[in-house]
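In what follows, a structure is listed as structure tokens, so that the remarks can point back to it.
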Protein chains: 2
Amino acid sequence: MLSAALGGRSGGGGGVGGLWRSLRRPGGAFSAAPPAAGARSLASRSSSLPFPQDRSPGPRPSASNVKPLDGVKILDLTRVLAGPFATMNLGDLGAEVIKVERPGAGDDTRAWGPPFVGKESVYFLSVNRNKKSIAINMKNSRGAKIIRELAAVSDVFVENYVPGKLAEIGLGYEDIKKIAPHIVYCSITGAMPWVFNFCPLPLIIQWMLLKRVWLPLVHSLPPGYGQTGPMVQRGGYDSIAAAVSGLMHITGHEEGEPVRVGVAMTDLATGLYACGAIMAGLLQRYKTGKGLHIDCNLMSSQAFKTKDGYIVVGAGNDQQFVTVCKVLHNGLLMEMNHPTAGRIVVPGPGVRYSEFAVSHPKPPPLVGQHTVEILKGMLGYEDNAIEELLHTGAVAQHEVR
Amino acid sequence: MLSAALGGRSGGGGGVGGLWRSLRRPGGAFSAAPPAAGARSLASRSSSLPFPQDRSPGPRPSASNVKPLDGVKILDLTRVLAGPFATMNLGDLGAEVIKVERPGAGDDTRAWGPPFVGKESVYFLSVNRNKKSIAINMKNSRGAKIIRELAAVSDVFVENYVPGKLAEIGLGYEDIKKIAPHIVYCSITGAMPWVFNFCPLPLIIQWMLLKRVWLPLVHSLPPGYGQTGPMVQRGGYDSIAAAVSGLMHITGHEEGEPVRVGVAMTDLATGLYACGAIMAGLLQRYKTGKGLHIDCNLMSSQAFKTKDGYIVVGAGNDQQFVTVCKVLHNGLLMEMNHPTAGRIVVPGPGVRYSEFAVSHPKPPPLVGQHTVEILKGMLGYEDNAIEELLHTGAVAQHEVR
């Protein structure tokens, strides 16, 4: 468990060991995780197969490589796409992913198809490798207790339920934090049907008919509107976006026929955001020893649009626009003063963290606005050396400093 | 610099200090980075404004929060969208981003518009906050030398040039690694025009006409085909995808008029991949003390398609399919044996790392396949307790273990 490695306050069988011990041993940081002998070294930028992951028909590299998330335990309560995609990516990086499913049916996507490979849904197979499944009835109080016990010995807790639902059964962030203060608890709410904003509906239907897109009819959908705000209880519905934007993940069986699978770009982007946010949470825990709550909500990073279908720029003091954005997007705007453009407003990050704020941003720079500052401050160049570099054109400084 | 904090082999003014020292001091992990006093605590899951980033009209939280990437220096040689979006996200998390631009014109997107705010491109403004700009002529040998000097005191090096181009001027991974063995060097090659795969071209044009989409005519485009393979020298072209999929980033000025901005979803996804991959690289450096080369190439995670426009499933021994994929996608497939479905093939991760391989994946689990294993192994439950849980329906075990 990473928390052990970090000396974090583990609620479970933590203690101080592993990487943490090795970091405290002089020179131990290297001995803790020696580079795998089987890993191919990177020969050159332009060689044909420099990376060990190249899956050529020949032998694969040894599996003894050290991965960045080796030893990290992830308790994964997510279903459908965004969450499972995020945890699959973390599993690829070495994390141990415990997928919690309801007994019997399991993850909704297990039933999504065709296509199927045998009885297994291609959709499900494509985003759930490298996971272990534990079937728990969370509505059973003993089932919920087992989840709390698992959380206590895990590093990361990921869920994509409708906000408040897990708190009802004692599995909300505040509940889990009490027994696992080291936990990185990530709530994923993604899947705004963004395609409606950018594509007129008749064209979508026309395209779907043209391509005979398979559109899953789903009844159980992941939440889509963040942890706060008036739409907090409404589920997201990405199935049409899924059908339209089909992008990344397909899979197959050697005897199968060609099929088309539509996958939701927005959900995948939410998954990528969540994946990065969880790693940011782990990095944060390296620093502070404490866990945090992450609200990963792709609504936050959607383009702001008005009803007439235009993207709106020019916010600032326009209260109406701000109000619209507050309602729709939980107010994720950033204001800043630009040296020449004046006051500007840009959409903020798509992820929010309980323990720190992404505030007081610096405005985008002018070309070479900080040249002299960086040469002096980071590299210690003397004034006359900088003058010469400016004179010869090796560097340039914008007049606004 | 993070490398100092980690005790990494800094090429610059490294040494052992900061977080590293504090980690070695008993109890120091907490004192090194105390939680900011100004950070609001998270009251409850369903309260209206639990996160400090909520930009309500009221006062903002203090900026004294500790962020996960505080102290991390990023040397950013990327242009256009994917790279700048990645580094902006890292800057939001506390990293110091040094944006290297060519003197005069700077980043290509500075000229992309309308819309402009004053003389500043909205496109540029939307993905370049929280950065410092240094204008350097890299073709000048003294300019290239300055970049190497900056790399030596940085933690992360990010670039999205056509593979081989930076090596020509002594800025390739092998060059930088020599002077900065701690460096996390990320090469971004994104921007496959995926929309061509999923949308017939006439529909795209029809939609563009209908929506009067602004389509930037760009001459300088980021590379789009990874660090290896036959298409390595071809630039990516995401401008049409940008026009069609316009999604996230718009910005504006308080006196501007509504405008529409098309932004490339694929580029943004590549940026999110890169952002996560760089954090994975930093986590890896915590473990090994060494840097690595990251090949972040969204081509890798695109759906595999044949010429007739169908997504192919059923790979396995089908050599022709494998060959097609090798040529187009650098072989990023993963094979595994599923307990009931047999041998399956799924697309692998979109990012490759020089120091470890994402290999030997475990197949997606059946529902409850590992229930008993987890209850025993992680929680130490006795057999009779497990039997009772199974009997009452609190948990379930799949017959395949």
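None of the values given here were measured: they were computed from a predicted structure. Sequence lines set the chain letters: A, B, ... in the order given, protein chains first and strands last, and positions in each chain run from 1.
The choice from B:M279, B:K119, B:R110 that makes the most heavy-atom pairs within less than 4.5 Å of chain A is B:R110. Of the residues considered (B:G393, B:P364, B:G368), B:P364 shows the highest number of contacts with chain A, using heavy-atom pairs under 4.5 Å. Ranked by heavy-atom pairs under 4.5 Å with chain B, the list A:L93, A:T371, A:N89 is led by A:T371. In terms of non-hydrogen atom pairs under 4.5 Å with chain B, the most contact-rich of A:A280, A:G118, A:G276 is A:A280. Chain B forms more heavy-atom pairs under 4.5 Å with one residue of A:T392, A:L69, A:I146, A:D107 than with any other, namely A:I146. With respect to chain B, the highest number of heavy-atom pairs below 4.5 Å among A:D92, A:L389, A:V395 belongs to A:D92. With chain B as partner, the option from A:G143, A:G106, A:P365 having the largest number of non-hydrogen pairs under 4.5 angstrom is A:P365.
In this structure, chain A has heavy atoms under 4.5 Å from both the backbone and the side chain of B:E149. The parts of B:N128 that come within reach of chain A are both its backbone and its side chain, each placing non-hydrogen atoms under 4.5 angstrom from that chain. Residue A:N140 touches chain B through its side chain alone, counting heavy-atom pairs closer than 4.5 Å. Within the 4.5 angstrom heavy-atom criterion, atoms from both the backbone and the side chain of A:I136 approach chain B.
Within the model, atoms CG of B:L150 and CD1 of A:I374 stand 7.0 Å from one another, a figure rounded to the nearest 0.5 Å. Of the inter-residue distances, the one linking A:Q369 atom CD with B:E101 atom CD reads 10.0 Å to the nearest 0.5 angstrom.
Pairing each heavy atom of A:G104 with each of B:V367, the nearest pair is O-CG2, 3.8 Å. The two residues B:L366 and A:E120 have their closest heavy-atom pair at CD2-OE2, 3.3 Å. The nearest pair of heavy atoms linking A:A394 to B:R142 is CB-CB, 4.3 Å. Closest of all the heavy-atom pairs between B:R129 and A:P361 is CD-CB, 3.9 Å. Considering all non-hydrogen atoms of both residues, B:D70 and A:K287 come closest at O-NZ, 2.6 Å. Minimum heavy-atom separation, A:Q284 to B:V66: NE2-O, 3.1 Å.
Considering only residues two or more places apart in sequence or on other chains, A:K362 meets the side chain to side chain contact (heavy atoms under 4.5 Å, CB included) condition with B:N130, B:K132. Applying the side chain to side chain contact (heavy atoms under 4.5 Å, CB included) test to A:A396 and every residue at least two apart in sequence or in another chain returns B:P103, B:A135.
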- Message: Assess the residue pair B:V117 and A:H338 against the criterion (side chain to side chain contact (heavy atoms under 4.5 Å, CB included)); give the C-alpha distance rounded to whole Å, side-chain angles, the decisive distance to 0.1 Å, and a yes or no.
- Response: CA-CA 10 Å; B:V117 181; A:H338 188 274; over 6 Å; no

